[in-house]
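Convention: sequence-line order gives letters A, B, ...; per-chain numbering from 1.
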Protein chains: 2
Amino acid sequence: MAVKIHNNNFKHVGRIIHFHRKKAGLSRIDLAMVAGVGKTVIYDIEHGKETVRINTLLKILNALNITMLLDGPIMENFTESEDAKS
Amino acid sequence: MAVKIHNNNFKHVGRIIHFHRKKAGLSRIDLAMVAGVGKTVIYDIEHGKETVRINTLLKILNALNITMLLDGPIMENFTESEDAKS
DNA sequence: GACAAAATGCCGCAATAGCGGTAATAAAGA
DNA sequence: TCTTTATTACCGCTATTGCGGCATTTTGTC
């Protein structure tokens, strides 16, 4: 049951990260250390900041074992195409 | 068949966007207009830039009808929790 | 309650994302 | 082929992110 993210409900991302961080028993500083980012950006995201950089967000999600996925009607066409090859 | 995104394979995002843009028969300027962003950032993303802002990326994905998802082992616990409520 | 330790809130600054403008390149038509 | 038009590449500048530092607040122990 993955969670859809779009610009309207972006606050969910902050809630998801907060939820996972607490479940893992980590302070913001702990998570910042593990993820390799500053603590401020975790504060910002948990407070719903939408203008975070994607690589920063991915580091945090990765540290919390959360996966980001992209999907859509013609994604199959892409994965089968040559473009998808590394 | 959604595509997993992490910091290692981020170039995929650029390829996915390029693929979808071409399928839709849009120039970068067209897509920039529809998404409500500058054309430069589309150029950047398609060239693998990892330091794009998440809201900017979401605008572009939305314009191309691509969905972003977050998933993980304990995501159920979140969606069932009070935190998930709008 | 008093104190200590941990966690959170937030400020100022350096680094840089994303914008429009324009040059370079590619595509299309005569 | 030669022009015209569309698309892509990239530069310089301004606005903004994300950082460490520090004040504040919360949590835990006696």
Side-chain angles (χ1 to χ4, degrees), chain A residues 5-66 68 70 74 78 81-84, chain B residues 5-66 68 70 74 78 81-84:
Chain A
I5 305 301
H6 33 295
N7 270 315
N8 300 338
N9 75 342
F10 194 81
K11 284 180 183 298
H12 276 306
V13 177
R15 294 202 189 95
I16 289 169
I17 287 174
H18 181 83
F19 181 85
H20 280 72
R21 177 170 70 80
K22 286 301 184 186
K23 281 282 183 197
L26 298 171
S27 71
R28 286 189 189 145
I29 294 176
D30 294 336
L31 178 55
M33 293 281 296
V34 174
V37 301
K39 56 195 156 56
T40 309
V41 75
I42 294 174
Y43 169 83
D44 288 339
I45 293 175
E46 290 192 359
H47 281 255
K49 186 179 192 179
E50 299 181 19
T51 54
V52 181
R53 294 176 202 172
I54 181 72
N55 63 330
T56 302
L57 179 59
L58 283 171
K59 285 183 203 168
I60 296 167
L61 294 177
N62 186 54
L64 292 171
N65 200 25
I66 301 171
M68 178 179 288
L70 295 186
I74 63 168
F78 170 76
S81 75
E82 279 306 307
D83 303 327
Chain B
I5 304 300
H6 34 295
N7 271 315
N8 301 337
N9 76 341
F10 193 80
K11 284 180 184 297
H12 276 305
V13 177
R15 294 201 190 94
I16 290 170
I17 287 174
H18 181 83
F19 181 85
H20 280 72
R21 177 170 70 80
K22 286 302 182 185
K23 280 283 184 198
L26 298 171
S27 70
R28 288 189 187 144
I29 293 176
D30 294 335
L31 178 54
M33 294 281 296
V34 174
V37 302
K39 57 196 157 57
T40 308
V41 75
I42 294 173
Y43 169 83
D44 288 340
I45 293 175
E46 290 192 359
H47 280 254
K49 186 179 192 179
E50 300 182 18
T51 55
V52 181
R53 293 174 203 170
I54 182 72
N55 63 329
T56 302
L57 179 59
L58 282 171
K59 285 184 203 167
I60 296 167
L61 295 177
N62 186 53
L64 292 171
N65 200 25
I66 302 171
M68 177 178 289
L70 296 186
I74 62 170
F78 170 75
S81 75
E82 280 306 307
D83 303 326

Residue met sooner reading DNA chain D from 5', once A:V37 and B:I29 are mapped to nucleotides: B:I29

For atom [atom1] of [X] and atom [atom2] of [N], their distance in whole Å:
X	N	atom1	atom2	answer
B:R53	D:dT17	CZ	C1'	6 Å
B:M33	D:dA6	CE	P	15 Å
B:H47	D:dT7	NE2	C1'	12 Å
A:K59	D:dT17	NZ	C1'	13 Å
B:Y43	C:dT22	OH	C1'	14 Å
A:L26	C:dA7	CG	C1'	13 Å
A:I17	C:dT8	CD1	P	14 Å
B:R28	C:dT25	CZ	P	15 Å

As a test of reading the structure: which of [options] is closest to the side chain of [X], going by heavy atoms?
X	options	result
B:T56	D:dT8, D:dG18, C:dG18	C:dG18
A:K22	C:dA7, C:dA17, D:dG18	C:dA7
A:V41	C:dA17, D:dT7, D:dG18	D:dG18

Verdict with reasoning, B:I54 to A:V13, per side chain to side chain contact (heavy atoms under 4.5 Å, CB included): CA-CA 11 Å; B:I54 182 72; A:V13 177; over 6 Å; no

Separation between NZ of A:K59 and CG of B:N7, rounded to the nearest 0.5 Å: 6.5 Å

B:Y43-B:H47 aromatic ring centre distance below 6.0 Å: yes

hbond_proxy B:T40 side chain to C:dG20 base (donor-acceptor, 3.5 Å cutoff): yes

Distance-only donor-acceptor test, B:K39 side-chain atoms vs C:dG21 base atoms, 3.5 Å: yes

Nearest non-hydrogen partners of A:D30 and A:G25, listed with the distance: OD2-O, 4.4 Å

Salt bridge B:E46-B:R15, side-chain N to carboxylate O under 4.0 Å: no

